[in-house]
Amino acid sequence: MTQIVVATIGAVVAILTLVYNRRKELKIKERNIKEEKYTMFLKALISARSGEKEELANITSTLQVINLIGSSNVVEKTSNFVEIMTNNKNSQISQSELYNDMIKAMREDLYSKKYNKEFPQKLQFVIFK
């Protein structure tokens with residue numbers, strides 16, 4: 001009887017370990033995909049902002065992917081930033097604040113809230129020419 005209990009406990013522990021490891025692997029894959037898409041969006045944003053018109057299509061397609069895979073906070077912050085970038089009434093202050101909020105949301109989605117503790121409070125959207 002004891003052998004059956006020990007074997008059952010061992011099997012349950014083994015199954016739980018497999019399930020845990022599989023979930024961890026899936027989270028890592030999801031994070032890698034999000035990281036790639038967020039990076040693509042930011043690179044396309046910089047290219048388009050510096051005058052490369054062909055990047056506008058890349059921004060649009062990457063933005064659609066962000067709307068699909070991003071957390072609700074990332075989608076909201078990205079939408080706010082894109083709205084002010086496409087609006088001619090934007091100011092440098094509000095642009096930088098929204099950019100900062102978007103980057104923080106992306107970092108939080110990828111790495112958790114604790115990763116943002118030491119994040120600069122004033123990050124600016126700057127393009128060097």
> Are Asn80 and Asp101 close enough, and set up right, to give a side chain to side chain contact (heavy atoms under 4.5 Å, CB included), and what steps lead you there?
Replying inline: CA-CA 9 Å; Asn80 292 344; Asp101 290 345; over 6 Å; no
> Looking only at heavy atoms, which two atoms of Lys37 and Ile66 are closest? And how far apart?
Replying inline: O-CD1, 4.4 Å
> Which distance, rounded to the nearest 0.5 Å, do you find between the NZ of Lys27 and the CD of Glu30?
Replying inline: 8.0 Å
> Atom OG in Ser71, atom CG in Leu110: separation rounded to 0.5 Å?
Replying inline: 9.0 Å
> Can you list the steps and then say if Val65 with Met40 is a side chain to side chain contact (heavy atoms under 4.5 Å, CB included)?
Replying inline: CA-CA 11 Å; Val65 174; Met40 284 176 57; over 6 Å; no
> How far apart are the C-alpha atoms of Tyr99 and Lys77, what are their side-chain angles, what is the distance that settles it, and do they pass the side chain to side chain contact (heavy atoms under 4.5 Å, CB included) test?
Replying inline: CA-CA 8 Å; Tyr99 180 74; Lys77 302 301 183 185; over 6 Å; no
> What distance separates Leu63 CG from Thr78 OG1, expressed to the nearest 0.5 Å?
Replying inline: 7.0 Å
>> How long is the straight-line distance from CG of Asn21 back to CG of Leu26, given to the nearest 0.5 Å?
In response: 11.0 Å
> Do the charged groups of Lys29 and Glu25 touch, with an N to O distance under 4.0 Å?
Replying inline: no
> Does atom CD of Glu35 have more than 12 heavy-atom neighbours, drawn from other residues, nucleotides or ligands, at distances under 6.0 Å?
Replying inline: yes
> Is there a chain of hydrophobic side chains (I, L, V, M, F, W, Y, each step under 4.5 Å between heavy atoms) that links Phe81 to Val75?
Replying inline: no
>> Could you go through Thr62 and Tyr38, starting from their C-alpha distance and side-chain angles, then the distance that decides it, and tell me whether this counts as side chain to side chain contact (heavy atoms under 4.5 Å, CB included)?
In response: CA-CA 8 Å; Thr62 310; Tyr38 293 167; over 6 Å; no
>> Distance check, rounded to the nearest 0.5 Å: Lys34 atom NZ versus Leu68 atom CG?
In response: 10.0 Å
> To the nearest 0.5 Å, how far apart are CG in Leu45 and CE in Met102?
Replying inline: 6.0 Å
> Can you tell me if CD1 on Ile4 sees more than 12 non-hydrogen neighbours from other groups inside 6.0 Å?
Replying inline: no
> Which pair of heavy atoms, one from Ile69 and one from Ile33, lies closest together, and at what distance?
Replying inline: CD1-CG2, 4.1 Å
